[in-house]
There are 4 protein chains.
Amino acid sequence: MPKVSEDYKERKRESLLESALKCFGEKGYQSTTMDDIVAYSNTSKGLIYNYFKSKEELYLTLMEERTNRTFKNLKERFEKFSTAKEKIEELFRIYKDKELTEDWRKLIRVHMEFWIISPRQENTNEIMSNRYKQYRDFLVQIIDEGKNAGEIKKEVQSDIVASIFWAFIDGTCLHYSVVGENYSYMEQFNKTEEMIMKYILTT
Amino acid sequence: MPKVSEDYKERKRESLLESALKCFGEKGYQSTTMDDIVAYSNTSKGLIYNYFKSKEELYLTLMEERTNRTFKNLKERFEKFSTAKEKIEELFRIYKDKELTEDWRKLIRVHMEFWIISPRQENTNEIMSNRYKQYRDFLVQIIDEGKNAGEIKKEVQSDIVASIFWAFIDGTCLHYSVVGENYSYMEQFNKTEEMIMKYILTT
Amino acid sequence: MPKVSEDYKERKRESLLESALKCFGEKGYQSTTMDDIVAYSNTSKGLIYNYFKSKEELYLTLMEERTNRTFKNLKERFEKFSTAKEKIEELFRIYKDKELTEDWRKLIRVHMEFWIISPRQENTNEIMSNRYKQYRDFLVQIIDEGKNAGEIKKEVQSDIVASIFWAFIDGTCLHYSVVGENYSYMEQFNKTEEMIMKYILTT
Amino acid sequence: MPKVSEDYKERKRESLLESALKCFGEKGYQSTTMDDIVAYSNTSKGLIYNYFKSKEELYLTLMEERTNRTFKNLKERFEKFSTAKEKIEELFRIYKDKELTEDWRKLIRVHMEFWIISPRQENTNEIMSNRYKQYRDFLVQIIDEGKNAGEIKKEVQSDIVASIFWAFIDGTCLHYSVVGENYSYMEQFNKTEEMIMKYILTT
DNA sequence: AATGAATGAGGGTTCATTCAT
DNA sequence: CATGAATGAACCCTCATTCAT
């Protein structure tokens, strides 16, 4: 029977991760110091080490949990749709609905940085490769369903198209996060959607 | 060994930049130490500071020169082509011709890292935004020429398509640099080319 | 060993300043390294930076506090005297009572060095000029009181004499700190006192 | 038979010392780099080491020669005077005739710095102590002559008064070099002269 | 559990000195 | 002779991590 409830600890942990995310978004992983996170989270240095055994672990945990949750949300969001067309439209809608704030641009950079850092460590490279495949296969499945339902042309190569889709998403987000204001974010999504749909749909 | 030719100094400088690039590719900008670069370039710590006044300047110079040179090469490569179709095919060819080596993946990451770091510094953000526009406008011009020549549909929005093109390129490179071996790099370029061409060409 | 009393921290701070003073006395400001101070104070490099954000700040703080305290002590010491003659005698006594140790000679040099360094920095020059005027005016006031009381000749120029007094003090200390043993420190103070008194007193 | 005349080398040497003096005046001994001196003297780094085997030697040589020359000039200047009174007046005149420029203030600081640095090295401390005695004894001799001639009171302690004189000189110069513009340099010399003369002269 | 003082390895940078040309 | 590129020890400072309280 702990002095402090499990629930409290969990909330503390979340709050630390939250703070870390903010700081990483501001300065990047390397440039963010533990002191930055301490300052932002209004706790103490020692406390962070009770929850995470190193800055790196904090970072990896943060990114791990974020990607998992995002992917989980993604899947849930799709349960209510039945046709492939609707699902793909929903996929685009996710990104078209984003609020184009500075905060989001920072978030993008945190994730992009993680992509880039990951191949430099034996461990994370594997994780990220799998993550990529997870996302790709998620879309592959949708496309395949579409093919079976006659919505999507049989000759479409599901994995290639899926891969192209995510490449476009990440490329666009990357550019937007750098260029900002003057980037034709929304128009690009609309046009790309049009182009891809025209390319794969039977009608 | 002073009183050395300008040529000698230029080569030294190049060699330092070369070494730095290698090291940044290996560990990233922040994690690369001046000692790493010293070790790799077989020189001494002090010497680097005769050529670049700080690690940051070395980095910025490196990235600046690389991007400039790349863009210049890009333009030159296109002089021998006359139609828009040929030019766009050439653009794809550049990337399809890349040797898919570990070295190139590292190179991609160096450039991606620079994209991400840039918004965190007043100065570089501007530079990178302009760089992006340079590349985009380069393609915009080609598309516009194509429209005038009747090769490309009048209703195509040049800037949006150009922007989509580069988003796809960078997204694909980013993913490839992380996923590596099992990434369907070549097929994606082929399909994307097909898709885009079908989308914009009149015939 | 955190959560430490303010008092503890204050003592730590004092002890660091103390150590720094010792080291500066030994080698001078520039030649003293942070490692010297660390070694002398039995702490760690990082800790010093918790209290002072740079070597320079440590130095300036040290000198600032020392001069302030000295001047404060000076003033207090004079409260119990009423006539100008007594006060001036007391002024001389301060210096005549000094123990002529190697430690004191080092201390002199630290202060002299600060005088000399100060004009090279925008900021400190102003401070030191004011310090000088503070000391001078302190004596000017005593002399003026003496004039009003009829102790000191009306025609004496207070500021000039005050300035001469401090010039003599610093000159003597400077020479003593260099020449050491064989310097006729005490006799000089006695004779100068005699000479100045004869020059300004009415009787 | 050297390729380059001895005369040329001597002038080069002088010019290097001259440049060093300028630089030391600007930044102080420690903060002046060999590069500073090279830049100021329009020569090369290697060349300096042909003339002086280290920065320290350059510094010591400079200070040595300057003090020697100054002392030599001092003595010569006095040959044309016969009475002690005239000589002491001349001594004061030397300082009263100084042009109160920023350059001179820098010069003072170079010399003061040398005083302070000297006790920290076995070698220079001895030199400076002797230098001090040289100057003191020079004045002692004048005073003694004055006593013999009946100009100066027999009971005056020559060495103490001489020492006081130089203490006053250096103290005044030190303060002037720091305080600058608003320092009553000239008036102090006048008054001090008056005071000392009154104190020692028989009439 | 929570704190934050303490640690010290390691990083970027400087600069006196050397020596090949 | 003169040059200035090259060297590397040494410096100041940062910051992830520890641990006494």
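Naming convention: chains lettered A, B, ... in sequence-line order (proteins, then strands); numbering from 1 in each chain.
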Taken to the nearest whole Å, CG/A:Leu58 to P/F:dA16 is 11 Å
Base-pairing mate for E:dA1 - Watson-Crick or G-U, with both contacts under 3.5 Å:
none
Can you check the C:Lys53 NZ to F:dT14 C1' distance for me, whole Å?
15 Å
Looking at D:Lys45 and E:dT18, is any side-chain donor or acceptor paired with a base atom of the opposite kind under 3.5 Å?
no
Nearest atoms (heavy-atom pairs only) where C:Leu47 meets C:Lys12:
CD2-CE, 3.4 Å
Identify whether any heavy atom of D:Ser31 sits under 4.0 Å from a base atom; if not, whether one sits that close to sugar-phosphate; answer base, sugar-phosphate or nothing.
nothing
Among E:dT3, F:dT3, E:dT17, the one nearest any side-chain atom of D:Met34 is E:dT17
Atom-pair distance (CG on C:Asn50; P on F:dT18), nearest Å
17 Å
Under a 3.5 Å threshold, yes or no: a donor from one side chain and an acceptor from the other, between A:Asn50 and A:Arg13?
no
Watson-Crick or G-U counterpart of E:dG10, or none if no pair lies under 3.5 Å
F:dC13
A:Ser54 side chain: which of F:dT17, E:dT3, E:dA5 is closest?
F:dT17
Whole angstrom value for the distance that separates P of E:dA16 from CD of D:Gln30:
10 Å
Verify the contact: side-chain N or O of B:Tyr51 to OP1 or OP2 of F:dA5, cut-off strictly under 4.0 Å; return yes or no.
no
What is the separation between atom CG on A:Asp35 and atom P on F:dT17, rounded to the nearest whole Å?
12 Å
How many Å lie between CG on B:Leu47 and P on E:dT13, as a whole number?
15 Å
So what does A:Phe52 touch, heavy atoms closer than 4.0 Å: a base, only the sugar-phosphate, or nothing?
nothing
Could you tell me how far apart A:Ile48 (CD1) and F:dC19 (P) are, to the nearest whole angstrom?
18 Å
Rounded to the nearest Å, what distance is computed from the CG atom of residue C:Asp7 to the P atom of nucleotide E:dA5?
14 Å
Do any side-chain nitrogens or oxygens of B:Tyr8 fall under 4.0 Å of OP1 or OP2 in F:dA6?
yes
Can you find a donor-acceptor N/O pair under 3.5 angstrom joining the side chain of D:Lys55 to the base of E:dT17?
no
Identified pairing partner of E:dA20, criterion: Watson-Crick or G-U wobble below 3.5 Å:
F:dT3
Measuring to OP1 and OP2 of E:dT14, would you say a side-chain N or O of B:Tyr49 lies under 4.0 angstrom away?
no
How about C:Lys22 and C:Asp103: do any of their side-chain heavy atoms sit closer than 4.5 Å?
yes
Earlier contact from the 5' end, DNA chain F, for C:Glu56 and B:Lys9
B:Lys9
Apply salt bridge (Lys or Arg N to Asp or Glu O under 4.0 Å) to the pair B:Arg11 and B:Glu18, showing each step before the final yes or no.
CA-CA 10 Å; B:Arg11 272 182 292 119; B:Glu18 183 72 24; over 6 Å; no
Are the side chains of B:Ser118 and A:Val178 in touch, meaning some heavy atoms are under 4.5 Å apart?
yes
Let's see if you can work this out: which of E:dC15, E:dA6, E:dG11 has an atom nearest to the side-chain heavy atoms of D:Thr33?
E:dC15
Between A:Phe24 and A:Tyr59, what is the ring plane arrangement, given parallel below 30°, perpendicular above 60°, and tilted in between?
perpendicular
